[in-house]
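For reference, the structure is listed below as structure tokens.
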Amino acid sequence: MSETPTGLDFIRQRITRDTEAGTPVITRFPPEPNGCLHIGHAKSICLNFGVAQEFGGDCYLRFDDTNPAKEDVQFVEAIQADVKWLGFDWGDRLTHASDYFEQLYQFAEQLITSGKAFVCSLSADEMRENRGTLTIPGTNSPCRNQSVEQNLELFRAMRAGEFADGTYVLRAKIDMASPNINMRDPVLYRIRHISHQRTGNTWCIYPTYDYTHCVCDALEQISHSLCTLEFEDHRPLYDWVLDNINLNVHPPQIEFSRLGLEYTVMSKRLLNKLVDERLVTGWDDPRMPTIAGLRRRGVRACAIRDFCDRIGVTKQDNTIEMSLFDFCVRKDLEADAHRAMCVLDPLKVILTNWEGEDTDALTAPWHPRQEYGTRVMPFGKELYIERSDFEEVRPPKYKRLSPGEMVRLRMAFIIRCDEVIKDANGEITELHCTYFPESRSGQDKSGLKPKGVVHWVSAGQGIDCEVRLYENLFLERRPDTSDLAAALNPDSFHNKNAIIEPAAVQGQMLHFQFERQGYFVKDSEDFSESRPVFNRTVSLRELRPA
RNA sequence: UGGGGUGUCGCCAAGUGGUAAGGCACCGGGUUUUGAUCUCGGCAUUCGCAGGUUCGAGUCCUGCCACCCCAGCCA
């Protein structure tokens with residue numbers, strides 16, 4: 001009767017089957033607030049919140065705040081902002097593992113009482129020695145057979161703060177000979193005399209992830225506990241805990257592979273290191289794969305969501321090519337970014353036959369297909385074009401300007417280069433050109449056939465601005481991160497003193513396509529009308545001249 | 001070399017015993033006042049390898065091989 005649906009990823013297929021009886025879907029996205037979210041988290045967010053939406057269920061945002069030594073309120077706020085920005089809504093389902101500390105503690109006493117957990121006085125080093133290796137079984141702790149009474153007494157003393165950090169832990173009593181190392185009497189609680197960002201000094205013992213996560217899932221009646229592959233080995237422990245406490249809920253843990261992306265890293269440890277060692281300017285450095293970094297670079301949430309849809313969900317290790325990400329970013333922006341002209345590397349052009357002052361008569365649509373209205377572009381005798389749009393010696397199939405040739409100034413007039421002016425060093429300083437008044441854009445009666453189209457900005461009325469160009473953060477597709485600094489791309493950032501048409505700095509629009517160059521965004525921190533700063537989100541796709 | 005996973009086009013990924021979807025990338029044609037966009041077409045006789053079962057295997061069985069994860073009082 002239950003036909004397995006096809007075309008869906010394996011998780012959605014399973015959920016489809018599981019919900020045929022009408023059971024509600026409840027998922028959760030459980031970040032630890034010890035760093036900012038990255039594009040890999042976006043995959044998980046899109047999966048968990050997406051599945052909840054699709055199946056008419058709910059998704060919790062649950063902070064996994066069990067280790068106060070590493071966590072910080074700064075991150076819990078940033079994470080909420082990022083999830084919201086990505087377009088997801090947890091409603092009133094914002095929770096924290098720490099909300100359940102008391103229940104967790106009571107279940108722990110239950111485990112002790114039923115002889116399933118014991119307090120251990122081995123040091124961390126001793127415990128490591130006793131754990132054995134991948135091929136050698138571990139040996140039992142001398143504390144393993146303490147009485148229930150003694151364990152309970154010690155555990156209560158742990159909670160009461162009678163012991164120093166590291167002196168005791170609570171351990172599950174499972175099997176020191178298990179081939180799965182996670183089952184060799186894993187630690188459930190440790191002593192940490194550290195103030196917790198939510199519970200303050202209420203606790204000096206904190207539960208571990210393995211013990212906490214499954215219990216929280218059960219308490220929130222999570223129907224499908226989705227996590228990444230490295231937790232597959234932990235599933236027996238997840239199940240063991242739920243099988244051994246008095247809680248009649250047992251969510252299934254289902255694992256999928258993490259996202260790998262070329263030319264970047266996706267581990268919070270490494271991203272943290274980049275920030276700490278100031279190898280980037282911060283979590284929101286536009287080169288970072290963080291949500292904050294991508295946002296600042298000008299990537300929009302819908303592009304990230306589209307990307308997450310396209311990469312799929314499987315158990316296969318994967319490294320997605322950056323070209324797919326770029327494709328999603330361009331596709332989104334192409335559809336409605338306002339067009340503007342900006343010259344990054346100016347070369348002066350003088351229209352020798354231009355009469356009179358600058359004129360404001362030229363107008364151009366903000367977008368070729370959308371009804372976004374028009375803007376006024378000052379035009380006049382002196383202009384700038386891109387240095388790379390002129391070559392003295394024309395390469396084959398060159399579609400730009402060269403001596404004696406014509407080119408159209410986009411949305412304006414056709415010009416012909418008559419003379420190349422150089423300085424004493426032979427550097428080209430300006431071009432003397434003739435413009436053709438009858439070739440005005442939109443009412444061209446000249447009949448001329450220029451070689452190509454080039455963008456330009458009025459020299460007199462163009463506005464100076466800073467344009468920040470970003471490249472891949474790392475040199476290699478799969479960076480060797482053993483030496484982080486050495487793996488970085490030394491050319492991942494350049495800034496340019498550019499000249500831009502005035503209309504682009506004046507309005508409220510944020511995202512632009514600088515024609516023939518790429519997509520750019522006003523920098524959220526540094527942009528002002530008096531000192532415009534733009535970040536390049538992604539360049540335009542550029543096919544080789546053939 | 002213990003345990004847990006994964007192997008379908010350069011990168012992702014459908015496929016659930018009936019004769020290899022799709023996307024990105026790439027290559028070629030068309031449109032184009034952005035070498036962009038758009039559009040049309042091409043792109044796996046083969047599914048890690050070797051055997052076997054079957055009328056029929058990417059899908060089932062056996063045996064290899066490769067890669068990833070695990071020995072935190074991190075998550």
Side-chain angles (χ1 to χ4, degrees), chain A residues 3-4 6-9 13 30-32 34 64 66-67 69-71 120 122-124 127-129 131-138 165-171 178-184 186-192 205-206 208-210 212-213 227-236 255 257 260 262 268-269 309-328 330-331 334-335 339 341 364 368-369 397-400 407-412 414 439 441-442 444 450 452-455 477 513-518 539-546:
Chain A
E3 201 164 298
T4 307
T6 123
L8 298 176
D9 61 68
Q13 285 186 28
E32 184 189 13
N34 67 342
D64 213 334
T66 59
N67 187 356
K70 296 194 172 182
E71 295 151 9
C120 182
L122 254 29
S123 70
M127 210 180 288
R128 186 178 321 117
E129 283 162 31
R131 190 153 32 227
T133 70
L134 296 179
T135 50
I136 302 169
D165 289 7
T167 51
Y168 290 97
V169 292
L170 181 72
R171 291 227 256 169
S178 172
N180 181 344
I181 293 185
N182 296 303
M183 299 298 268
R184 319 242 260 229
V187 170
L188 267 25
Y189 267 90
R190 64 302 213 192
I191 301 172
R192 290 267 186 288
I205 57 172
Y206 292 96
T208 56
Y209 165 84
D210 283 310
T212 308
H213 201 81
C227 66
T228 43
L229 244 34
E230 68 271 25
F231 293 103
E232 212 150 17
D233 285 345
H234 295 243
R235 193 168 65 221
E255 310 85 5
S257 53
E262 284 184 340
K268 266 204 257 183
R269 195 192 111 249
D309 282 345
R310 285 167 186 272
I311 58 177
V313 179
T314 68
K315 301 188 75 156
Q316 267 141 258
D317 288 342
N318 62 85
T319 305
I320 308 292
E321 290 179 343
M322 195 55 90
S323 63
L324 177 62
F325 184 73
D326 290 345
F327 169 82
C328 295
R330 292 191 188 106
K331 178 168 170 283
E334 159 64 29
R339 308 291 132 121
M341 290 203 259
R369 292 178 301 284
K397 303 201 176 176
Y398 193 62
K399 295 177 68 173
R400 309 175 193 182
V407 92
R408 171 174 291 283
L409 297 176
R410 167 130 248 243
M411 315 305 310
I414 293 172
S439 67
S441 187
D444 186 351
V453 180
V454 138
H455 61 279
R477 286 166 191 266
Q513 184 199 95
F514 291 172
E515 297 214 33
R516 304 209 307 132
Q517 305 201 100
S539 68
L540 244 36
R541 185 161 167 265
E542 192 177 348
L543 298 174
R544 292 162 316 295

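In what follows, chains carry the letters A, B, and so on, assigned in the order in which the sequence lines appear, proteins first and then strands, with residues in each chain numbered from 1.
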Checking side-chain polar atoms at under 3.5 Å, does A/Thr212 have a donor or acceptor matched by the opposite partner on A/Asp64?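 No, no side-chain donor-acceptor contact under 3.5 Å.
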For [X] and [N], give me the distance from atom [atom1] to atom [atom2], rounded to whole Å.
X	N	atom1	atom2	result
A/Leu229	B/G5	CG	C1'	6 Å
A/Gln316	B/C47	CD	P	16 Å
A/Asn318	B/C69	CG	P	13 Å
A/Arg410	B/U32	CZ	P	14 Å
A/Lys399	B/G35	NZ	C1'	5 Å
A/Phe327	B/C24	CZ	P	4 Å
A/Glu262	B/A25	CD	P	12 Å
A/Met183	B/G3	CE	C1'	12 Å

Quantified in whole Å, what is the [atom1] atom distance between nucleotide [N] and nucleotide [M]?
N	M	atom1	value
B/A71	B/U1	C1'	15 Å
B/G30	B/C69	P	49 Å
B/G58	B/U46	C1'	9 Å
B/G15	B/U8	P	15 Å

Taking the side chain of [X] as its heavy atoms from C-beta onward, which of [options] lies nearest to it?
X	options	answer
A/Glu334	B/A36, B/A75, B/U1	B/A36
A/Pro179	B/U34, B/C24, B/G3	B/G3
A/Glu230	B/C68, B/C24, B/C69	B/C69
A/Arg369	B/C24, B/U37, B/C12	B/U37
A/Thr314	B/C12, B/C74, B/A13	B/A13
A/Arg190	B/G4, B/C74, B/U34	B/C74
A/Ser323	B/C24, B/A75, B/U16	B/C24
A/Arg541	B/U34, B/U16, B/U37	B/U37
A/Asp233	B/A75, B/G3, B/A25	B/G3

Give [X] one of three labels, base, sugar-phosphate or nothing, depending on what nucleic acid heavy atoms sit under 4.0 Å from its own.
X	answer
A/Leu134	base
A/Glu255	nothing
A/Pro236	nothing

Distance criterion of 3.5 Å, no angle test: do you see the side chain of [X] paired donor-to-acceptor with the base of [N]?
X	N	value
A/Arg339	B/U34	yes
A/Arg516	B/U34	no
A/Arg235	B/G4	no

Partner nucleotide, any strand, of B/G2 [Watson-Crick/G-U, under 3.5 Å]: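 Partner of B/G2: B/C70.
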Need the glycosidic conformation of B/G22: syn if within 90° of 0, anti if not. Which one?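 Here B/G22 takes the anti form, which means its glycosidic angle is more than 90° from 0.
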Is A/Glu32 paired with A/Lys70 through a side-chain N to carboxylate O contact shorter than 4.0 Å?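 The answer is no: the pair does not qualify as a salt bridge.
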In the structure I gave you, are the side-chain heavy atoms of A/Asn180 and A/Pro236 within less than 4.5 Å of one another anywhere?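 A/Asn180 reaches A/Pro236 side chain to side chain.
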Should A/Arg131 be listed as having a side-chain N or O under 4.0 Å from OP1 or OP2 of B/G72?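 Yes, within the criterion.
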